[in-house]
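Read through the structure below, which is laid out as structure tokens, and then see the notes.
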Amino acid sequence: MAVPKRKMSRSNTRSRRANWKAAVVPTVACPQCKSPKLGHAACSVCGTYNGRQVLEV
């Protein structure tokens, strides 16, 4: 296991940790009901995917 030889400074630690941020989940509008949904997934409101009904809602 790698062990650091020197203590990492506070500014280096904080600048490294500053890049840990939550990413926004990309959504697209459903072509049937225009509600936001995940891409490449069935719509949870109307239950359609790729122009056909796949879920009973």
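Since this is a predicted model, take the numbers as computed values, not measurements.
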Rounded distance [0.5 Å steps], CE in Met8 versus CZ in Arg14: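 Answer for the CE-CZ pair, Met8 versus Arg14, is 13.5 Å.
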
How long is the gap from CD on Gln32 to NZ on Lys37, to the nearest 0.5 Å?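 Reported value, rounded in 0.5 Å steps: 10.5 Å.
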
Between [X] and [Y], is any pair of side-chain heavy atoms under 4.5 Å apart?
X     : Y     : value
Val54 : Thr48 : no
Thr13 : Arg16 : yes
Arg10 : Asn12 : no

When you group the ILVMFWY residues by side-chain heavy-atom contacts below 4.5 Å and let the links chain together, are Leu55 and Tyr49 in the same group?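 Yes, same cluster.
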
Grab the two heavy atoms, one from Val45 and one from Ser35, that are nearest each other, plus how far apart they are.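 The answer is CG2-OG, 3.5 Å.
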
Start with the C-alpha distance between Asn19 and Arg17, add both sets of side-chain angles, then the distance that settles side-chain contact (heavy atoms from CB on, under 4.5 Å), and finish with yes or no. CA-CA 5 Å; Asn19 292 317; Arg17 288 180 184 164; over 6 Å; no

